[in-house]
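These notes are about the structure you will find just below.
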Amino acid sequence: MQINKFGFDLLAPCDITRKAESVGVAKATSSAKILLILGVLAGMFIGLAGQFYLIATFDTGMNPSITRLLGGMAFSLGLVLVVIAGAELFTGNTLLIVSCLSRKITVRQLLRNWVLVYLGNLAGSLIVVGLSYFAHQWALGGLTLGTHAVAVAAGKTALPFSVSFVRAILANVLVVLAVWMTFAGRSLTDKIAGIILPITAFVASGFEHSVANMFFVPFGLLVARHPEMALALPAGAPLETLTWPSFILHSLIPSTLGNIVGGVLFVGLLYWYVYIACAENKDRMQKEKEKFRRLRQEV
C-alpha cells in the first residue's frame, strides 16, 4: 500500500497484480448464470455509453479534436457503470490471464469465462440497440443523430481487417489499464478518476473496442435502413460496407482478436512476469542461497 501526502491510500503495482490474480479466480469460478447476467448488464452499460457518445458528438459545431474529446469523456460512462455498479466486460476480463499464468485457474476456466461474458455482452448491446432504435433516438436533431450514427458504423465496417485489429490492440491496452488502475483505488472517486483518462484517450483516438462495436454497428445498420433516413443520408454516402457480414468479418472478429492481444500480451502478461514470476524467482533464489549457506556452515 502507498499513502501519499494527501492521505490517499493506493495499492502499489505489485499489490495490484496480486489483486488482479484474486479477482480473476473469483470471476473464473462464478456460475454460468451469473456470468451471463452480468455480461448482459455490461453490454447494456456499454451500449448506453455508445448512445451517450452519439448524443455528445452528433452536432457540436466544434473543432473535430474537441468533439472527439467530448465523445471520449461521454463514453467513459460505460466502464464507470461496469466497475462501480458491477458487471462482467469481456475486454476487461482479458486480465484473467494473470490468474491463469499463476495456475490459479485453468485455461478451460479462462475460456469459459470469456465465451459466456462475450455472449452476454453481445446480448446486452443488442438490447440497447433495439431500445434506442424504437425510442427514435436517431430522429434527434432532425435526423442529424441518425446520419451521424450511420457514418460512425460505416466507418468501422470500412476498415481493413489489419487496421481494425491493430486499433483494437491499442484500445484494450487503454481499457485494461483503466481497469487495472481501479484495482489500485479504494474510493468511488479513485476508481472514476482512474477510468476517465484512458477511456477518453481510446475513444478520441478512434481505436476499436469489440463490445462498443456491438452497439455502434448494429444501431447504424438499423438506422440506415429506416425509410425516413433514405432522404436524410447524403447522396453517395459510402454504405456498401455497412452490412451484417461486414460487421462480423471487418469489425467484430478483428476487434475481438485485437482486444485479446492488447489485454493479454501488453498488460496482463507483462505485469504478471514483473510482479509475480520474477518476484517468485527472486524469492526462490534467495531461499536457495540461504539453504546453501546453512549447508556450508554445517560442513
Side-chain angles (χ1 to χ4, degrees), residues 16-47 49 78-79 81-129 164-165 168-169 171-180 182-183 208-215 217-218 247-249 251-273 275-277 280:
I16 296 174
T17 310
R18 289 295 183 184
K19 183 171 182 178
E21 183 183 69
S22 62
V23 168
V25 173
K27 288 175 176 288
T29 54
S30 295
S31 70
K33 179 173 65 175
I34 295 299
L35 289 175
L36 280 171
I37 293 172
L38 293 179
V40 169
L41 284 174
M44 293 182 68
F45 295 160
I46 297 300
L79 193 59
L81 291 174
V82 168
V83 171
I84 306 301
E88 293 288 326
L89 183 64
F90 166 73
T91 49
N93 282 11
T94 56
L95 281 177
L96 267 68
I97 192 64
V98 175
S99 307
C100 189
L101 291 170
S102 296
R103 298 184 181 179
K104 303 290 186 180
I105 64 173
T106 65
V107 173
R108 182 176 180 178
Q109 288 175 309
L110 171 76
L111 295 176
R112 169 183 172 272
N113 177 277
W114 284 359
V115 169
L116 290 171
V117 170
Y118 190 87
L119 292 175
N121 291 170
L122 179 60
S125 297
L126 293 178
I127 288 171
V128 176
V129 166
S164 183
F165 175 75
I169 292 174
N172 213 33
V173 167
L174 288 167
V175 171
V176 168
L177 285 173
V179 174
W180 196 264
T182 66
F183 290 158
E208 295 294 305
H209 187 269
S210 57
V211 183
N213 290 356
M214 293 173 187
F215 168 79
V217 180
F247 165 51
I248 295 170
L249 297 175
S251 177
L252 198 58
I253 292 176
S255 63
T256 299
L257 295 175
N259 288 164
I260 291 172
V261 172
V264 169
L265 186 59
F266 292 105
V267 181
L269 175 62
L270 295 180
Y271 276 122
W272 169 82
Y273 180 75
Y275 291 114
I276 295 181
E280 290 178 351

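One is the number of the first residue; the rest follow in order along the sequence. When reading the values below, keep in mind they use all heavy atoms of this one structure, side chains included, and skip hydrogens, waters and symmetry mates.
With a 4.5 Å cut-off on side-chain heavy atoms, Phe215 and Ile46 do not count as touching. Looking only at side-chain heavy atoms (C-beta outward), Tyr271 and Leu177 come within less than 4.5 Å of each other.
Taking all atoms of both residues into account, the shortest heavy-atom contact from Leu79 to Leu89 is CD1-CD2, 3.9 Å. Here the closest heavy-atom approach between residue Ser164 and residue Pro254 is recorded as OG-CG, 3.7 Å. Heavy-atom minimum distance, Ser125 versus Gly43: OG-O, 3.4 Å. Between Gly86 and Phe45, the shortest heavy-atom contact is O-CE1, 4.5 Å. Nearest heavy atoms, Ser210 versus Leu252: O-CD1, 3.9 Å. Closest approach of Leu96 to Ala28, counting heavy atoms only: CD2-CB, 4.0 Å.
Other residues, nucleotides and ligands contribute over 12 non-hydrogen atoms within 6.0 Å of the NZ atom of Lys19.
Atom CD1 of Ile84 is separated from atom OG1 of Thr182 by 7.5 Å, given to the nearest 0.5 angstrom. Taken from CG in Leu110 to SG in Cys100, the straight-line distance is 5.0 Å, to the nearest 0.5 Å. Between the OG atom of Ser30 and the CG atom of Asn113 there is a distance of 7.5 Å, given to the nearest 0.5 Å. A distance of 10.0 Å separates CH2 in Trp272 from CD in Glu21, rounded to the nearest 0.5 Å. To the nearest 0.5 angstrom, Thr91 atom OG1 is 5.0 Å from Asn172 atom CG. The line from CG of Leu265 to OG1 of Thr94 is 11.0 Å long, rounded to the nearest 0.5 Å.
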message: Using side-chain contact (heavy atoms from CB on, under 4.5 Å), reason through Leu101 and Tyr273 one step at a time and then give a plain yes or no.
response: CA-CA 9 Å; Leu101 291 170; Tyr273 180 75; over 6 Å; no
Criterion side-chain contact (heavy atoms from CB on, under 4.5 Å) on Leu126 and Met214, from CA distance to verdict: CA-CA 7 Å; Leu126 293 178; Met214 293 173 187; 5.8 Å; no
- request: Go through the steps for Glu88 and Ile34 under the test side-chain contact (heavy atoms from CB on, under 4.5 Å), then give the verdict.
  value: CA-CA 9 Å; Glu88 293 288 326; Ile34 295 299; over 6 Å; no
- prompt: What's the verdict on side-chain contact (heavy atoms from CB on, under 4.5 Å) for Val98 and Thr17, showing C-alpha distance, side-chain angles and the deciding distance?
  reply: CA-CA 8 Å; Val98 175; Thr17 310; 4.3 Å; yes
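With sequence neighbours left out, the side-chain contact (heavy atoms from CB on, under 4.5 Å) criterion links Val115 to Leu119. Checked against ring pair (Phe, Tyr, Trp, His ring centres under 6.0 Å), Tyr118 has the following partners two or more places apart in sequence or in another chain: Phe90. When the salt bridge (Lys or Arg N to Asp or Glu O under 4.0 Å) test is applied to Arg112, no partner is found at least two apart in sequence or on another chain.
In this structure, the side chain of Asn93 does not engage the main chain of Gly24 through any donor-acceptor pair within 3.5 Å.
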